[in-house]
Enquirer: 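What follows is a structure written as structure tokens; I'll ask about it next.
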Amino acid sequence: MAAGWTAQAKTPPDQLIIGMNMNNLLTLDPAAMTGNDIVGIVVNLYDPLIELDPQQLTNVRPALATSWEVNDARNLITFHLREGVKFHSGNPVTADDVVWSMRRILHLNLAQASVWKSYGFSKKNVDEMVRSPSPGIVEIQLPKPNDPKLVIYSLAALGSVVALDSKTVQAHEVNGDWGNRWLTTNEAGSGPFRLDNWQAKDVLNMSRNTQYWRGEPKLSRVVFRHFQESQTLRLMIEKGDLDIANNMAVSDVTALSHDPAMQVDQVKKGTIYYVAMSMKEPHFANPKVREAVRYLIDYQGIGKALMNGYGIVHQRPIQVGMPATLPDPGYQLDIPRAKTLLAEAGYPDGFDTTLRVLADQPFLNIAIAVQSTLMQAGIRAKIVTGTGNQIYGAMRERKFDMLVGRGGSGVEPHPHSSLRALVYNPDNNDAARLTNFQGWRTGFYDKRLNTDIDQALLERDPEKQKQDYFAIQERYDALIPALVPLSQMVDSIVVRKDVKNYLPHPSATTFLRDVWKDDPADAQPTGGKGL
């Protein structure tokens with residue numbers, strides 16, 4: 001039982017209780033976070049400069065910045081900050097804090113630095129490129145040509161570029177770590193909620209910031225509780241001990257969809273389920289072996305039997321629904337063809353390998369299905385299960401053979417978002433540590449493809465840009481990549497109907513500041529109203 005929690009038939013009217021699997025919640029530091037789960041927590045503890053509208057992602061809304069403009073040369077974005085905003089500590093939010101927070105991302109060079117490094121930022125130039133020429137003004141100069149619209153989307157969507165209370169964080173700095181150790185389990189934000197405590201794989205408590213600049217949040221408290229088993233989540237939300245349940249098995253979501261007290265929200269996200277191979281491993285460095293694996297996956301069978309409520313079949317790196325996305329190439333399970341390719345590669349009897357996967361669904365069932373079809377061509381894959389840190393940690397260290405995972409960005413409504421995360425790899429050296437790029441993790445590198453991605457980003461003619469993205473997808477497919485897309489993620493969230501104004505966000509940044517329960521007398525404070 002989570003600390004400080006007593007089960008009851010109905011959750012308190014001014015509190016929101018969210019059940020989820022917290023195995024992959026490893027840090028609260030915005031610069032170091034990985035995965036979707038943490039983003040939804042960080043955006044409720046911190047404020048960004050700008051944010052994406054959950055109902056129309058291409059609509060960028062003000063947050064700490066009241067307005068912004070791009071210069072004619074398209075290489076400078078200037079933000080004008082809101083006055084009077086305070087951090088949870090009581091310190092004022094200043095332009096210097098915003099500048100320090102973004103510089104920190106590049107100096108730490110942890111997970112969230114990858115996106116900004118792809119835009120040309122580095123430890124060496126970020127102090128010059130991100131600056132405050134006068135109080136209330138933040139300037140971001142682009143180190144190399146880019147589409148400023150994409151940079152603005154990234155600032156609004158990622159959750160990493162938030163304002164940190166630089167004075168508080170620096171007071172907890174140890175051996176030049178920019179406060180990373182302290183921020184792993186603490187926060188220094190100005191958001192609608194304050195962190196009360198976090199016990200890993202147990203419970204995370206947040207309480208409302210009564211001095212929040214948008215107005216006092218409607219909920220006094222938000223509690224995230226850890227549940228590993230989907231059936232337990234189902235039982236708890238049926239009893240009324242949870243308001244929202246995430247990470248549930250499809251069978252339980254389907255059962256709850258018939259409950260009149262529940263609502264199931266299905267949100268299509270840009271994240272892709274995939275089978276990855278490491279090109280640092282000799283077998284998979286051979287393109288014929290990678291092509292054989294391509295034909296040893298039962299895409300349609302997996303989609304039909306395992307992915308209902310989790311995802312839809314998709315075999316391209318750019319997410320479904322964008323004008324630049326090509327139709328699927330239509331790959332299917334073809335064991336004879338795979339056997340021929342393996343024989344041509346010098347492995348007529350197959351080989352032994354390992355297949356890493358999270359011990360959660362649908363990942364484990366996908367891995368079992370893939371293991372079965374690999375075996376039919378002689379590839380004997382031993383399944384290795386573990387937590388997110390164990391599985392994706394090995395991938396980030398480029399020390400794996402095969403892996404079933406889910407990744408990619410897709411949080412920005414732009415084709416480059418998906419390509420950057422799944423394909424782009426500007427520096428394949430181990431020392432580059434581009435750990436948020438699946439291309440780098442798998443060792444997949446093609447200089448021309450990188451150049452084509454860079455050039456497509458800068459194309460101003462929309463039709464020409466779309467054709468460029470078509471060509472990129474065709475080249476990627478022809479190169480037999482080390483990452484095989486299977487399915488585009490669908491996130492199924494079960495919400496009790498007495499929870500109001502909960503809007504699941506396609507980029508994982510669900511804002512809780514305006515959520516309330518059916519009893520407004522108890523749930524809504526007498527303070528200001530949220531925006």
Side-chain angles (χ1 to χ4, degrees), residues 57-58 60 70-77 106 113-122 124-126 129-130 140-158 270 272 279 287 314-329 407-429 432 434 436-483 485:
L57 284 185
T58 54
V60 180
V70 178
N71 67 347
D72 292 339
R74 291 165 49 100
N75 65 356
L76 182 68
I77 309 172
L106 275 302
S114 296
V115 169
W116 300 102
K117 287 192 289 187
S118 77
Y119 295 160
F121 293 96
S122 67
K124 294 182 179 179
N125 68 23
V126 68
M129 296 294 167
V130 181
I140 299 178
Q141 184 175 335
L142 306 185
K144 66 179 185 180
N146 205 325
D147 182 349
K149 182 186 294 185
L150 175 65
V151 178
I152 287 171
Y153 285 155
S154 294
L155 288 166
L158 294 179
I272 302 293
M279 291 178 61
H314 185 58
Q315 300 173 334
R316 295 290 188 188
I318 297 179
Q319 61 182 295
V320 174
M322 288 193 176
T325 306
L326 279 176
D328 273 358
S409 184
V411 294
E412 304 106 328
H414 194 294
H416 187 84
S417 176
S418 300
L419 292 175
R420 177 189 66 224
L422 296 173
V423 179
Y424 192 68
N425 179 11
D427 187 347
N428 198 40
N429 291 309
L434 301 178
N436 254 23
F437 290 2
Q438 312 295 331
W440 182 87
R441 290 183 182 185
T442 57
F444 176 79
Y445 175 82
D446 181 68
K447 183 176 181 181
R448 178 181 153 188
L449 200 59
N450 292 326
T451 301
D452 290 349
I453 291 171
D454 285 335
Q455 291 177 348
L457 180 61
L458 302 180
E459 179 55 56
R460 297 195 183 195
D461 181 335
E463 183 58 33
K464 174 63 167 59
Q465 187 183 56
K466 184 172 74 171
Q467 295 300 321
D468 288 346
Y469 283 127
F470 286 168
I472 287 167
Q473 291 165 88
E474 288 169 349
R475 179 169 178 80
Y476 181 67
D477 197 57
L479 289 169
I480 321 296
L483 185 145

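Predicted model, so just to flag it, every value in this text is computed and none were measured.
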Enquirer: If every non-hydrogen atom of Met322 is compared with every non-hydrogen atom of Pro415, which pair is closest and at what distance?
Expert: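 So the minimum-distance heavy-atom pair works out to SD-N, 3.6 Å.
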Enquirer: Look up atom CD1 in Ile318 and atom CG in Leu326, then write down how far apart they are to the nearest 0.5 Å.
Expert: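 It is 7.5 Å, given to the nearest 0.5 Å.
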Enquirer: Please answer whether the main-chain N or O of Ser118 pairs with a side-chain N or O of Lys144 as donor and acceptor at a distance below 3.5 Å.
Expert: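 At least one qualifying donor-acceptor pair exists.
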Enquirer: Can you check whether Gln141 reaches Leu76 side chain to side chain, under 4.5 Å on heavy atoms?
Expert: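 A side-chain contact exists here, since the closest heavy-atom pair is under 4.5 Å.
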Enquirer: For Ile272 and Leu483, what are the C-alpha separation, side-chain angles and deciding distance, and is it a side-chain contact (heavy atoms from CB on, under 4.5 Å)?
Expert: CA-CA 10 Å; Ile272 302 293; Leu483 185 145; 5.5 Å; no
Enquirer: Could you measure the distance from the NE2 atom of His416 to the OH atom of Tyr119? Nearest 0.5 Å is fine.
Expert: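 Result: 5.5 Å between the selected atoms.
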Enquirer: What pair of heavy atoms forms the shortest contact from Pro148 to Ile77, and how long is it?
Expert: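 Nearest pair, atom of Pro148 first, then Ile77: O-CD1, 4.2 Å.
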Enquirer: Considering only heavy atoms from C-beta outward, does the side chain of Phe444 approach that of Gln438 to under 4.5 Å?
Expert: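 No, their side chains stay 4.5 Å or more apart.
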Enquirer: Given side chains that start at C-beta, do those of Arg441 and Asn436 come closer than 4.5 Å, heavy atoms only?
Expert: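 Yes, at least one pair of side-chain atoms sits under 4.5 Å.
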Enquirer: Yes or no on side-chain contact (heavy atoms from CB on, under 4.5 Å) for Glu412 and Ile152, after CA distance, side-chain angles and deciding distance?
Expert: CA-CA 9 Å; Glu412 304 106 328; Ile152 287 171; over 6 Å; no
Enquirer: Do the ring centers of Tyr445 and Phe437 come within less than 6.0 Å of each other?
Expert: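 Ring centres of Phe437 and Tyr445 not closer than 6.0 Å.
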Enquirer: Is a side-chain donor or acceptor of Thr325 paired with a backbone partner of Gln319 at a separation under 3.5 angstrom?
Expert: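 Such a contact is found between Thr325 side chain and Gln319 backbone.
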Enquirer: With a 4.5 Å cut-off on side-chain heavy atoms, are Arg316 and Asp477 touching?
Expert: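 Heavy-atom side-chain distance check passes, below 4.5 Å.
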Enquirer: As an exercise, state the distance from CD1 of Ile453 to CG of Leu458, rounded to the nearest 0.5 Å.
Expert: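 It comes to 12.5 Å.
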Enquirer: Between Gln465 (side chain) and Ala456 (backbone), is there a donor-acceptor pair under 3.5 Å?
Expert: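 Yes: the side chain of Gln465 pairs with the backbone of Ala456.
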Enquirer: Backbone N or O of Asn425 within a donor-acceptor pair of the Asn450 side chain at under 3.5 Å?
Expert: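 It does hold such a pair.
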Enquirer: Starting from the C-alpha separation in whole Å, work towards a yes-or-no answer on salt bridge (charged side-chain N to carboxylate O under 4.0 Å, His left out) for Arg475 and Asp446.
Expert: CA-CA 10 Å; Arg475 179 169 178 80; Asp446 181 68; 2.9 Å; yes
Enquirer: Are the side chains of Pro317 and Tyr476 in touch, meaning some heavy atoms are under 4.5 Å apart?
Expert: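 Yes, their side chains come closer than 4.5 Å.
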Enquirer: Please determine whether side-chain contact (heavy atoms from CB on, under 4.5 Å) holds for the pair Val126 and Trp116, giving the CA-CA distance in whole Å, both sets of side-chain angles, and the decisive distance to 0.1 Å.
Expert: CA-CA 10 Å; Val126 68; Trp116 300 102; over 6 Å; no
Enquirer: How far apart are the closest heavy atoms of Ala324 and Gln473, and which atoms are they?
Expert: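 Ala324 and Gln473 have their closest heavy atoms at O-NE2, 2.6 Å.
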Enquirer: Counting distance only, does the side-chain N/O of Asp452 pair as donor-acceptor with the main-chain N or O of Ile472 below 3.5 Å?
Expert: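 Flag not set: sc Asp452 to bb Ile472 has no pair under 3.5 Å.
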Enquirer: Does a side-chain heavy-atom distance below 4.5 Å link Val423 with Pro481?
Expert: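 No, side chains not in contact.
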Enquirer: For Asp147 versus Leu457, what's the shortest heavy-atom pair and its separation?
Expert: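 Shortest heavy-atom contact: CB-O, 3.4 Å.
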Enquirer: Between Trp440 (side chain) and Tyr424 (backbone), is there a donor-acceptor pair under 3.5 Å?
Expert: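 Not confirmed, Trp440 side chain does not pair with Tyr424 backbone.
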Enquirer: When you measure from the side chain of Glu459 to the backbone of Gln455, do you find a donor-acceptor pair of N or O atoms at a distance under 3.5 Å?
Expert: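 No.
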Enquirer: For the pair Leu142 and Met129, evaluate side-chain contact (heavy atoms from CB on, under 4.5 Å) and give the outcome as yes or no after the intermediate values.
Expert: CA-CA 7 Å; Leu142 306 185; Met129 296 294 167; over 6 Å; no
Enquirer: For Val115 versus Ser154, what's the shortest heavy-atom pair and its separation?
Expert: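 Nearest pair, atom of Val115 first, then Ser154: CG1-OG, 4.3 Å.
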Enquirer: Test your reading of the model: is there a side-chain donor-acceptor pair from Asn125 to the backbone of Gly120, 3.5 Å cut-off?
Expert: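 Yes.
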Enquirer: Report yes if some heavy atom in the side chain of Tyr153 is under 4.5 Å from a heavy atom in the side chain of Val60; otherwise report no.
Expert: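 Yes, at least one pair of side-chain atoms sits under 4.5 Å.
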